[in-house]
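Have a look at the structure that comes next, please.
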Amino acid sequence: MDSPPLYLPLLLLTSLPTLWQGAGAQSLFTIDSVTLKLDPSGEVTSGTFMDLNCEVSVSHHQSHPLTHSFNFLRDDVLVYSKNTTEPAVLHQLTPARAANSGTYKCQVIVQDKSKGSSTHRLTITGLQTPVLQVTSQILFEGDEVAATCSAPDESGSLLFHFYQDQEKIKQVRASGNSVGTRLELKHAGDKHLRCYFETTMLPDAGRSNNSNTVKVMVKELFSKPVLVMKPREVFEIERFTLNCDTDRYSHERINIGDVKYSLFRNQVLLTSGGNYTATAHPSLNGNYSCQAQALGRGQTKKIFKNSTQIVLKAKVPVSVPLLSVVGGRLILGKPFQLQCQSDNGSLPITYTLLSPHRQAEFRVVHSPWDLALFNITSIHRSSDIHSFSCKAENNPSQPYMESSGYHLRRTATIIEPVSRPVLTLTPKMGDVAEGEDLTLTCTVQRGTPPITYTWYHTKGALPLVSKTTNDMRLSHLVQGVSREHGGRYYCITNNPSKDSQRSAMVTVGVKLAGWKKGLIAAFCILLTVSLIIIIILVKKCLLPFRRERTVELSVKPASTKTDKTLRLTHGEVNEAANVTPGVMGRSVWSDHVSGSESDDQTREETEVPEPQYTEVHPQEVDPTRAPVKKGTDTVYSEVRNSNQGESESEQADGQGSVEYAQLNHNDHESEEPEHEPEPKPEQGSEQDGQLE
């Protein structure tokens with residue numbers, strides 16, 4: 001069973017007089033209503049003046065007024081009570097504070113009856129600004145100062161916070177609205193103190209504003225110690241010294257001998273005292289600091305002060321640098337980079353590149369990501385790499401370390417570009433017969449292997465073949481050469497330098513194969529023999545016909561009247577003399593044979609050529625000369641071709657005929673004075689007929 005509200009006993013006590021007065025009377029009244037009003041209502045700020053008004057309405061028939069007991073409750077806790085015959089009671093909050101926040105209700109009791117109003121929520125935002133007070137504003141390090149922080153208008157349980165400048169130095173809980181405490185100020189100088197508070201019962205109320213600021217001057221008992229290392233930068237195996245000291249102290253409060261020192265490495269006690277000497281070593285690297293302590297007169301607590309830390313990291317002497325080619329390889333005649341680097345050595349390190357053919361170059365490396373790189377234009381011989389050297393230094397008191405470039409030949413790949421190749425052919429004359437093999441040999445004088453050889457034929461854009469080898473020459477065999485293999489060839493060489501070189505053009509001619517030449521020769525011989533045989537056969541077939549035609553054209557009837565002398569006219573002789581030597585002595589009816597036919601007949605025919613006939617017209621006979629054979633009017637002059645050639649015999653016969661005709665002409669002229677020539681017969685028609 002739930003326990004009765006806490007306010008009921010109090011209500012009973014306050015209502016006893018009323019109950020006593022009307023104990024003998026019959027209760028003839030009714031509590032109609034109870035109303036509670038807040039002004040202002042809802043959420044208000046701290047410091048606001050508020051009115052809480054409670055009214056009651058009672059119906060009764062008594063002649064004397066009734067006594068009302070008004071009770072104001074906050075969160076079911078009685079905060080204000082008043083007995084009166086008035087129907088209303090006013091409760092004021094002057095001013096309202098955060099502690100007044102809560103749920104309010106008004107409860108009215110009349111004799112043995114009670115009635116409550118509806119509840120109202122009141123929220124007070126903000127807290128009172130506290131006030132800070134101190135007993136002294138001047139003191140020494142280690143002294144304590146009495147301070148009081150208060151909020152007179154607040155109520156309830158409060159938590160107070162004290163600050164020195166921006167540093168919180170103390171926190172105190174109090175049941176009232178004020179608290180006093182002692183504050184220790186550790187550091188010398190002007191200090192600014194302040195405070196604020198929070199209500200523990202109302203966490204939603206937040207914190208108060210900061211109090212007023214009180215300035216306190218704290219005099220220095222002794223100054224902060226200073227730790228000094230000499231030398232400031234130390235290399236391994238070098239000696240160094242640490243010294244701790246303070247340069248100021250308060251003579252009226254302490255003696256200089258009262259200050260004690262301790263040295264620490266990585267916050268571990270190294271030695272008691274202000275001095276330390278050692279030889280630098282990696283095991284002694286770390287963070288060093290010193291601490292000074294003293295107790296002033298009249299103080300119960302020692303003052304401790306720490307120096308600023310010093311980081312000791314013994315520097316490492318630079319090692320012998322290594323000179324290397326960036327990328328691990330270089331190409332003769334092209335730019336490249338050299339890197340100088342030491343495996344050990346504290347930064348910064350100064351690197352210097354030396355060479356007899358160039359000025360010294362410097363690079364200072366300040367961070368592990370920096371590199372000492374040197375740009376080299378080019379070298380043209382592998383031995384030139386030996387001329388480079390590099391030195392490194394990081395300690396002016398120690399000599400520099402130097403390396404030469406002789407190991408570069410072992411660590412770097414030096415590539416020599418290939419020289420221009422020379423393309424040679426086998427057979428060497430460049431002419432090859434069909435079906436034979438052709439060898440294309442590409443040769444270079446220098447170049448770092450492996451070397452890639454590629455052969456091209458100008459008739460095509462694609463390479464014939466590409467081969468890679470370590471040799472300085474390489475051959476490509478073309479088997480069974482044909483007509484399309486003729487033309488111009490060249491080769492291109494390349495090696496890891498990626499610098500291609502091209503040879504000069506070489507022309508290849510393709511001849512007919514031997515068997516083709518023999519076949520053509522045999523065909524020509526066979527064709528020649530066939531033509532000769534055909535000509536001979538044709539001539540043999542035409543010869544009888546020619547003989548018959550010649551006889552038919554040459555025969556002329558004999559004259560019965562007179563014997564006529566064989567005679568050639570002067571015009572005929574001249575005409576005979578002007579004919580071609582090859583046909584001299586032949587008449588217009590002679591067969592004309594070509595030079596080839598005549599030659600063929602001379603070389604191959606063994607038979608005697610048929611006689612050729614020339615018609616000679618008779619002339620009048622000279623009586624003094626021997627008579628010419630008579631019995632016919634036609635005289636035949638047989639012309640034969642000797643074995644030395646038809647043309648020579650024809651020429652001789654022609655000349656003989658001309659001489660004979662000339663002789664007859666001369667004889668006729670000599671005889672003309674003695675004998676009158678007979679009239680010449682009209683031979684035009686006859687001769688024309690014979691010529692036709």
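We number each residue from 1, following the sequence as shown.
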- Task: Applying salt bridge (charged side-chain N to carboxylate O under 4.0 Å, His left out), run through K313 and E233 and close with a yes or a no.
- Result: CA-CA 8 Å; K313 185 176 182 181; E233 293 183 348; over 6 Å; no

- Item | Nearest-0.5 Å distance, SG of residue C290 to OH of residue Y276 |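 If we round to the nearest 0.5 Å, C290:SG and Y276:OH are 14.5 Å apart.
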
- What pair of heavy atoms forms the shortest contact from C390 to L323, and how long is it?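 The pair with the smallest heavy-atom distance is CB-CD1, 3.9 Å.
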
- Using a 4.5 Å cut-off on heavy atoms from C-beta on, say whether the side chain of L312 contacts that of V234.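 They are in contact (side-chain heavy atoms under 4.5 Å apart), so the answer is yes.
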
- Task: Please report the C-alpha distance between E220 and R248 in whole Å, then the side-chain angles of each, then the deciding distance to 0.1 Å, and finally whether the side chain to side chain contact (heavy atoms under 4.5 Å, CB included) criterion is met.
- Result: CA-CA 8 Å; E220 191 175 51; R248 296 186 309 273; 3.4 Å; yes

- D51 and its side chain to side chain donor-acceptor pair (under 3.5 Å) partner, picked from K37, H91, Q92: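 Only match with D51 under side chain to side chain donor-acceptor pair (under 3.5 Å): Q92.
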
- E86 backbone acceptor or donor facing T84 side chain under 3.5 Å: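 Answer holds: yes.
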
- Once you round to the nearest 0.5 Å, how far does CG of L132 lie from CG of L183?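 Those atoms lie 8.0 Å apart.
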
- Less than 4.5 Å apart, any side-chain heavy atom of S41 and any of L122?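 They are not in side-chain contact.
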
- Query: Roughly how far apart are L90 CG and Y80 OH, rounded to 0.5 Å?
  - Reply: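 These two atoms lie 8.0 Å from each other.
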
- Show your reasoning for whether side chain to side chain contact (heavy atoms under 4.5 Å, CB included) applies to L242 and R265. CA-CA 11 Å; L242 293 174; R265 185 182 75 240; over 6 Å; no

- So, does D75 use its side chain to make a donor-acceptor pair with the main chain of T103 at under 3.5 Å?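 Side chain of D75 to backbone of T103, a donor-acceptor pair under 3.5 Å: yes, one is there.
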
- Would you name the heavy atoms of A360 and L354 that are closest together and state the gap between them?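 That closest heavy-atom pairing would be CB-CD2, 3.6 Å.
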
- Is the shortest heavy-atom distance from the side chain of V179 to the side chain of T148 under 4.5 Å?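 No, too far: nothing below the 4.5 Å cut-off.
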
- Task: Taking S117 for its side chain and C106 for its backbone only, find out whether a donor-acceptor pair lies under 3.5 Å.
- Result: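 Yes, the answer is positive, given that a donor and an acceptor are paired below the 3.5 Å cut-off.
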
- Task: Please report the shortest heavy-atom distance between L227 and S307, naming the atom on each side.
- Result: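 Nearest pair, atom of L227 first, then S307: CB-OG, 3.8 Å.
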
- Item | Straight-line distance of K170 NZ to E184 CD, nearest 0.5 Å |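 Going from NZ on K170 over to CD on E184, the span is 9.5 Å.
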
- Query: Are K315 and E236 within salt-bridge range, i.e. N to O under 4.0 Å?
  - Reply: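 Salt bridge between K315 and E236, a charged N being under 4.0 Å from a carboxylate O: no.
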
- Message: My understanding is that only one of R207, R194, K168 makes a side chain to side chain donor-acceptor pair (under 3.5 Å) with H161; could you say which?
- Response: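 That would be K168; it is the only one of R207, R194, K168 passing the side chain to side chain donor-acceptor pair (under 3.5 Å) with H161.
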
- Item | Nearest-0.5 Å distance that lies between atom CD in E55 and atom CG in L36 |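 The distance works out to 10.0 Å.
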
- Mind checking whether K334 and S378 have side chains closer than 4.5 Å, heavy atoms only?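 The answer is no; the side chains never approach within 4.5 Å.
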
- Output yes when a side-chain donor or acceptor of N177 lies under 3.5 Å from a complementary backbone atom of P152, and no otherwise.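 Checked: pair present.
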
- Message: Looking at E144 and R182, is any side-chain nitrogen of the basic one under 4.0 Å from a carboxylate oxygen of the acidic one?
- Response: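 Yes.
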
- Within the 6.0 Å centroid threshold, strictly below: H120 and Y104: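 They do not qualify: ring centres at least 6.0 Å apart.
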
- Query: Can any side-chain N or O of S403 pair as donor or acceptor with the backbone N or O of P321 at less than 3.5 Å?
  - Reply: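 At least one qualifying donor-acceptor pair exists.
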
- Message: In the structure I gave you, are the side-chain heavy atoms of L78 and Q107 within less than 4.5 Å of one another anywhere?
- Response: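 No, their side chains stay 4.5 Å or more apart.
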
- Where do H366 and V364 come nearest, in terms of heavy atoms and distance?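 For H366 and V364, the tightest heavy-atom pair comes out as NE2-CG1, 3.3 Å.
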
- Considering only heavy atoms from C-beta outward, does the side chain of F336 approach that of I331 to under 4.5 Å?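 Counting from C-beta outward, F336 and I331 never come under 4.5 Å.
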
- Task: Measure the shortest side-chain to side-chain distance between R239 and T277 over non-hydrogen atoms and say whether it is less than 4.5 angstrom.
- Result: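 Result yes, sub-4.5 Å side-chain heavy-atom pair found.
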
- Item | Under 3.5 Å: donor-acceptor pair, side chain of D258, backbone of A294 |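 No, because the side chain of D258 does not come within donor-acceptor range (under 3.5 Å) of the backbone of A294.
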
- Pair S223-D247, side-chain donor/acceptor within less than 3.5 Å: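 Per modelled atom types, S223 and D247 side chains form a pair under 3.5 Å.
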
- If you take all heavy atoms of S46 and E154, which pair is closest and at what distance?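 So the two residues come closest at OG-OE2, 4.4 Å.
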
- Query: Counting N and O atoms only, with roles assigned by atom type, does the side chain of S136 sit under 3.5 Å from a partner on the main chain of I138, one being a donor and the other an acceptor?
  - Reply: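 Here the side-chain-to-backbone pair exists.
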
- Please check if any side-chain donor atom of D343 sits under 3.5 Å from a side-chain acceptor atom of S319, or the reverse.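 No - no donor-acceptor pair under 3.5 Å links their side chains.
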
- Decide, yes or no, whether a salt bridge links K219 with E141 under the criterion of side-chain N to carboxylate O below 4.0 Å.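 Salt bridge: no.
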
- Does the pair N275 and T241 meet the rule for a side chain to side chain contact (heavy atoms under 4.5 Å, CB included), with working shown? CA-CA 7 Å; N275 298 303; T241 300; 5.7 Å; no

- Item | Test item: Q164 side-chain N/O and L193 main-chain N/O as donor-acceptor pair under 3.5 Å |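 Checking the backbone N and O of L193 against the side chain of Q164, no donor-acceptor pair under 3.5 Å is found.
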
- Task: Without swapping roles, check the side chain of N394 against the backbone of S346 for a donor-acceptor pair under 3.5 Å.
- Result: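 Side chain of N394 to backbone of S346, a donor-acceptor pair under 3.5 Å: yes, one is there.
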
- Just how far is it from atom OG1 of T411 to atom CG of L322, taken to the nearest 0.5 Å?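 Those atoms lie 8.5 Å apart.
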
- Query: Is the F222 to Y249 ring centre distance short of 6.0 Å?
  - Reply: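 Between Y249 and F222, which both carry aromatic rings, the centre distance is not below 6.0 Å.
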
- Message: Under a 3.5 Å distance rule, please check whether D165 uses its side chain to pair with a backbone N or O of H192 as donor and acceptor.
- Response: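 Such a contact is found between D165 side chain and H192 backbone.
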
- Task: Take Y400 and T350 through the side chain to side chain contact (heavy atoms under 4.5 Å, CB included) test and state the conclusion after the steps.
- Result: CA-CA 9 Å; Y400 59 82; T350 301; over 6 Å; no

- Message: I need the minimum non-hydrogen distance between F374 and T352, along with the two atoms involved.
- Response: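 It is CZ-C, 4.5 Å.
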
- Is it possible for you to check whether K391 lies under 6.0 Å from the centre of the six-membered ring of Y351, through NZ or CZ, and within 45° of that ring's axis?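 Not satisfied by the 6.0 Å and 45° rule.
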
